[in-house]
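Here the structure is a predicted model, which is why all the values come from computation and not from measurement. Counting convention: from 1, in listed order, for ligands and their atoms alike.
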Amino acid sequence: MNPRLDQPLRLGTRRSKLAMSQSGHVADAVRAVTGRPVELVEITTYGDVSRENLAQIGGTGVFVTALREALLRGEVDFAVHSLKDLPTGQPDELVIAAMPLREDARDALVARDGLTFEQLPDGARIGTGSPRRMAQLNHLALSLGKRIETVAIRGNVDTRIGFVRDGELDAVVLAAAGLNRIGRGDEATELLPVDSVLPAPGQGALAVECLASDADLIAALGELDDPYTRAAVTAERSLLAALEAGCSAPVGAFADLLADGQIVNEMRLRGVVGTLDGSTLVQLSTTGPVPQSYDEAMALGRELADEMLAKGAAGLMGERSL
Ligand SMILES: NCc1[nH]cc(CCC(=O)O)c1CC(=O)O
């Protein structure tokens, strides 16, 4: 932490509307807990400038590396990432000091004419570049007895919704959290239930990262941490890592708490891997005591990964092409 108490803490952020909105909220919370000014430092990442397909370039932290380099060079004091964009390997010099309370983890459908997925016509064109979404949307369509055409698109949230507004596509699928954070949540025509479409591991959650050596800042940022969010996303990311899948693999995962009356006593972790055409999915869940430590959360993810691998998950993850 910048030791001069009258100097602002510098928060490194991507400059998209979504990133600025989530960083703005974290900045407000950090001002409240530290009593110090926080200034946003905008950083451009490779993922922001490259127009390549994410399924091809993804998996290596394209939205993250430049922010981490700024941290390591001491140009910023902490950084805010979308957790689902963060590679599962954690560099020794950096720590995730906080994972704040998760937003809605679900995927949202934004379709023309207020349509739900079930109401979309046979042959509907749906925009998404995500292999995970393609596999599960195709599977859902097959189960409803229709075909859809998935169209690889990229761009920020406004651009993607624009494809529906200008009539080029029947629908797009995006993270509900992203829509909510930029104030366009009411444009979702359906929130896809996790029983049908499992979100990306960590979707809807943020990671607030700083130097591992900055003990004062780690303590201050720790006030923003939500232990249940941390346990859930740690289990989801452990599943992803144990499947040896990158963030561009067709893997979905979601952990939630199960309550017996008022008492929360278990965590359920669900996972899915599938072929892009949706013809084959391996979808399993496991339930255990709510993890009380990083190691317990990691163990829950590994346990489910082992079960999925025993059911042939590895053979479904090779596909990267569209
Ligand atoms: N891959 C880009 C990305 N990274 C995080 C979000 C949304 C917000 C979140 O999941 O926290 C998005 C957009 C999307 O998938 O629609």
Side-chain angles (χ1 to χ4, degrees), residues 13-26 45-65 67 79-87 96 98-111 126-134 136-137 150-164 169 171-185 187-192 194 197-209 226 229-230 232-233 236-237 240 246-255:
T13 176
R14 291 172 55 203
R15 58 180 88 215
S16 72
K17 196 193 281 185
L18 173 58
M20 293 300 282
S21 153
Q22 54 201 30
S23 296
H25 285 117
V26 172
T45 69
Y46 181 69
D48 295 313
V49 289
S50 165
R51 298 269 54 94
E52 288 170 75
N53 189 301
L54 275 191
Q56 263 120 45
I57 61 169
T60 49
V62 290
F63 292 120
V64 169
T65 306
L67 289 170
V80 175
H81 313 283
S82 288
L83 201 65
K84 80 167 178 182
D85 298 329
L86 209 59
I96 299 177
M99 296 182 185
L101 184 66
R102 185 181 215 172
E103 244 278 5
D104 194 332
R106 289 173 292 182
D107 278 336
L109 183 80
V110 178
I126 305 181
T128 175
S130 149
R132 172 187 63 81
R133 289 175 179 145
M134 284 183 208
Q136 294 184 96
L137 293 172
T150 54
V151 180
I153 55 165
R154 271 210 59 194
N156 63 35
V157 179
D158 292 326
T159 307
R160 290 192 268 164
I161 295 175
F163 291 118
V164 179
L169 294 171
V172 292
V173 176
L174 326 127
L179 287 178
N180 290 341
R181 289 201 183 105
I182 65 163
R184 298 188 69 169
E187 293 180 56
T189 57
E190 185 180 7
L191 290 167
L192 299 169
V194 292
V197 180
L198 282 175
Q203 184 161 303
L206 301 179
V208 186
E209 190 172 54
D226 177 64
T229 297
R230 187 179 279 270
V233 303
E236 292 161 16
R237 285 161 58 77
L240 183 68
C247 69
S248 65
V251 175
F254 183 62

- Query: Between the main-chain N or O of L86 and the side-chain N or O of R237, is there a donor-acceptor pair closer than 3.5 Å?
  - Reply: yes
- Is a side-chain N or O of T189 found less than 3.5 angstrom from the main chain of A111, in a donor-acceptor match? yes
- Note on the structure: So the atoms of ligand 1 within less than 4.0 Å of a heavy atom of G204 turn out to be 9 (C), 10 (O), 11 (O)
- Candidate with minimal heavy-atom separation from atom 8 (C) of ligand 1, of Q203, R181, K84: R181
- Task: For ligand 1, note which part of R160 has a heavy atom under 4.0 Å away: side chain, backbone, both or neither.
- Result: side chain
- Item | Partners passing salt bridge (Lys or Arg N to Asp or Glu O under 4.0 Å) against R102 (at least two apart in sequence or in another chain) | E236
- Item | Those atoms of ligand 1 less than 4.0 Å from some heavy atom in L174 | 16 (O)
- Message: Are E187 and L179 packed together at the side-chain level, in the sense that at least one heavy-atom pair is separated by less than 4.5 angstrom?
- Response: no
- Item | ligand 1-proximal atoms of D85, by part, heavy-atom distance under 4.0 Å | side chain
- Please verify whether a non-hydrogen atom of R133 lies at under 4.0 Å from ligand 1. yes
- Query: Do V194 and P199 come within less than 4.5 Å of each other through their side chains, counting heavy atoms only?
  - Reply: yes
- Examine the proximity of ligand 1 to R102 and report which part, side chain or backbone, both or neither, has a heavy atom under 4.0 Å away. neither
- Query: Has E103 got any heavy atom lying under 4.0 angstrom from an atom of ligand 1?
  - Reply: no
- Item | Proximity winner for atom 5 (C) of ligand 1, if only heavy atoms of S82, A205, A175 are counted | S82
- Answer yes or no: is there a donor N or O on one side and an acceptor on the other, between the side chain of S130 and the main chain of R133, under 3.5 Å? yes
- Residues two or more places apart in sequence or in another chain: which of them pass side-chain contact (heavy atoms from CB on, under 4.5 Å) with E103? A177, N180, R181
